[in-house]
Amino acid sequence: VYHQARLCALARAAKVPDTGVDDITVVVAKAQRGRALAAPLVAALVDAIQSRGRVPRYRVHEDLTASRRVAQRLGFVAAFQLLAWSTGLD
């Protein structure tokens with residue numbers, strides 16, 4: 001999604017190897033959050049993924065409450081929690 005010629009939101013899907021699952025991620029620029037941009041992007045990806053006979057999976061960081069609400073509104077349910085490890089990079 002572009003606003004005033006600037007990219008402000010995007011969603012993408014990536015196939016999980018050797019499964020019928022596609023992981024969905026969405027990013028919204030901080031200045032554009034709260035404008036309901038994520039849900040239509042994710043919904044369009046869900047439709048595209050399901051039309052190919054694959055299963056959509058929405059990935060979200062546990063601290064991102066608004067993104068979790070998007071997932072819930074679109075019918076996703078929590079399946080598991082992922083623990084991420086870092087080398088100190090944020």
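Contact annotation: the side chain of Arg12 never approaches that of Asp23 to less than 4.5 Å [non-hydrogen atoms, C-beta and beyond]. Under the 4.5 Å side-chain criterion, counting only non-hydrogen atoms from C-beta, Tyr58 is in contact with Val42. Within the 4.5 Å cutoff, the side chain of Val55 has no heavy atoms near those of the Ile49 side chain. Leu45 places none of its side-chain heavy atoms less than 4.5 Å from the side chain of Pro56.
Between Leu74 and Ala39 the shortest heavy-atom distance is CD1-O, 3.8 Å. Shown here for Ser51 and Ala48, the closest heavy-atom pair between the two residues is OG-O, 2.7 Å.
Note: the hydrophobic cluster containing Phe76 also contains Val60 (ILVMFWY, side chain heavy atoms under 4.5 Å, direct or indirect links).
The number of heavy-atom neighbours closer than 6.0 Å to CZ of Arg52, taken from other residues, nucleotides and ligands shown, is above 12.
Panel note: side chain Thr19, backbone Val16; a donor-acceptor pair is recorded below 3.5 Å.
Residue His61 holds its NE2 atom at 10.5 Å from CZ of Arg68, rounded to the nearest 0.5 Å. Separating the CD1 atom in Ile24 from the CZ atom in Arg59 is a distance of 11.5 Å, to the nearest 0.5 Å. With rounding to the nearest 0.5 Å, the separation of CZ in Arg33 from OG in Ser67 is 9.0 Å.
Contact check on Arg54 versus Asp22 returns a salt bridge, with a Lys/Arg side-chain nitrogen under 4.0 Å from an Asp/Glu carboxylate oxygen.
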Does the side chain to side chain donor-acceptor pair (under 3.5 Å) test come out yes or no for Gln72 and Arg69, once each step is laid out?
CA-CA 5 Å; Gln72 291 167 342; Arg69 283 194 300 262; over 6 Å; no
Decide yes or no on side chain to side chain contact (heavy atoms under 4.5 Å, CB included) for Val28 and Cys8, but give the supporting numbers first.
CA-CA 6 Å; Val28 178; Cys8 59; 5.9 Å; no
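Of the candidates Val70, Val1, Val27, Val1 is the only one forming a side-chain contact (heavy atoms from CB on, under 4.5 Å) with Leu41.
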